[in-house]
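Structure, as structure tokens:
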Amino acid sequence: MLVRAAVLTVAVRAGLSLWPLGRVIRGLRHAAQWRSPRSTSTPLYRRRAVWTARAVGRRFLPERPCLTQALVLQYLLLRRGDDEAELHIGVAKNENGLQAHAWVERNGQVLIGGANSPQEYERFGDLARKVRSNESADRSDSISSPGSSRP
């Protein structure tokens, strides 16, 4: 599994430098589901896959390994037919500006990327819903306020 994860880590990192994230994710999903799994994902396999993705990522990618590690783990799990692992990307504001982070959750449990990631980072999906909600509220406020006219 280490050799597969090492090759996959290099391929994912190269893919992320060449193509948009969505295309890389689709390619990994397609590759993982191309052949039927040899066996199913067990809790032991998941723990080994997490350890492998983290260990290889730390050695190959000293800076910002989270997205690559998350994608490698998701592929390893998908390869065993486990499609319940979800990739999440979030953002947090700190003294240096915005910081992005990626992690993988399965049934609400963080597998890789830090157990507190869901609390520390605003998920992009959640953020998009909040922005749309705020835009809708702003529009309804401007429509219902006295003296405003519709464009």
Side-chain angles (χ1 to χ4, degrees), residues 1-140:
M1 186 182 314
L2 277 170
V3 172
R4 179 181 296 143
V7 170
L8 189 57
T9 297
V10 171
V12 167
R13 185 61 115 181
L16 289 170
S17 67
L18 296 172
W19 297 295
L21 177 60
R23 186 170 178 186
V24 173
I25 291 172
R26 282 190 305 275
L28 287 171
R29 278 193 167 278
H30 179 72
Q33 296 170 343
W34 182 58
R35 294 185 307 178
S36 60
R38 289 182 297 220
S39 59
T40 60
S41 174
T42 63
L44 176 60
Y45 178 81
R46 284 191 292 276
R47 284 193 300 274
R48 288 181 58 215
V50 167
W51 181 87
T52 301
R54 189 177 291 137
V56 170
R58 284 183 180 160
R59 283 166 184 76
F60 280 37
L61 311 166
E63 292 183 31
R64 300 186 326 237
C66 62
L67 180 58
T68 304
Q69 287 176 339
L71 290 169
V72 167
L73 175 61
Q74 191 175 37
Y75 172 86
L76 292 173
L77 296 177
L78 279 171
R79 183 71 190 94
R80 288 285 181 106
D82 187 347
D83 60 353
E84 293 181 31
E86 297 179 35
L87 172 70
H88 294 282
I89 300 174
V91 65
K93 188 173 182 180
N94 62 21
E95 64 276 353
N96 298 325
L98 293 178
Q99 180 181 355
H101 183 59
W103 66 96
V104 172
E105 286 183 36
R106 184 178 189 278
N107 297 328
Q109 179 186 6
V110 177
L111 299 178
I112 196 167
N116 293 329
S117 295
Q119 292 79 34
E120 294 176 10
Y121 294 90
E122 189 74 36
R123 296 173 202 211
F124 280 128
D126 297 342
L127 187 61
R129 278 190 293 280
K130 284 182 181 178
V131 168
R132 283 193 301 271
S133 172
N134 288 342
E135 287 174 350
S136 296
D138 289 346
R139 272 189 252 133
S140 66

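- Residues Leu44 and Arg47 have side chains in contact (heavy-atom distance under 4.5 Å, counting atoms from C-beta outward).
- Ion pairing between Arg123 and Glu105 holds under the 4.0 Å rule for side-chain N and carboxylate O.
- Counting only distance, with no hydrogens or angles, the side chain of Asn94 and the backbone of Gly97 share a donor-acceptor pair below 3.5 Å.
- If you take NE2 on His30 and CD1 on Ile25, they are separated by 15.5 Å, rounding to the nearest 0.5 Å.
- Inspection of the His101 and Ser117 side chains reveals an N or O donor paired with an N or O acceptor under 3.5 Å.
- A cation-pi arrangement is not found for Arg13 relative to Phe60, the charged atom failing to lie both closer than 6.0 Å to the ring centre and inside a 45° cone about the ring normal.
- Taking OG1 from Thr68 and CG from Leu61, the interatomic distance works out to 5.0 Å, rounded to the nearest 0.5 Å.
- In this structure, the side chains of Ile112 and Val72 stay at 4.5 Å or more apart for every pair of heavy atoms.
- The structure places CG of Leu77 at 10.0 Å from CG of Asp83, a figure rounded to the nearest 0.5 Å.
- Rounding to the nearest 0.5 angstrom, the gap separating the CE atom in Met1 from the CH2 atom in Trp51 is 10.0 Å.
- Looking only at side-chain heavy atoms (C-beta outward), Pro118 and Trp103 come within less than 4.5 Å of each other.
- Shortest non-hydrogen contact noted between Ala102 and Leu67 is CB-CA, 3.7 Å.
- Proximity of a side-chain donor or acceptor of Gln74 to a complementary backbone N or O of Ala85 within less than 3.5 Å is detected.
- Looking at Gln69, its side chain does come within 3.5 Å of a backbone N or O of Arg54 through a donor-acceptor pair.
- Considering CD of Gln33 and CG of Leu28, their distance stands at 10.5 Å, rounded to 0.5 Å.
- Among residues two or more places apart in sequence or in another chain, the side-chain hydrogen bond (donor to acceptor under 3.5 Å, both in side chains) test is passed with Thr40 by none.
- The side-chain hydrogen bond (donor to acceptor under 3.5 Å, both in side chains) search around Arg106 returns Asp82, not counting sequence neighbours.
- With sequence neighbours excluded, no residue forms a side-chain hydrogen bond (donor to acceptor under 3.5 Å, both in side chains) with Asn96.
- Judged by distance alone, with hydrogens and angles left aside, the side-chain atoms of Arg80 form no donor-acceptor pair with the main-chain N or O of Leu76 at under 3.5 Å.
- Side-chain contact between Leu78 and Arg29 is present, with at least one heavy-atom pair separated by less than 4.5 Å.
- Side chains of Tyr121 and Val91 form no contact here, defined as non-hydrogen atoms less than 4.5 Å apart.
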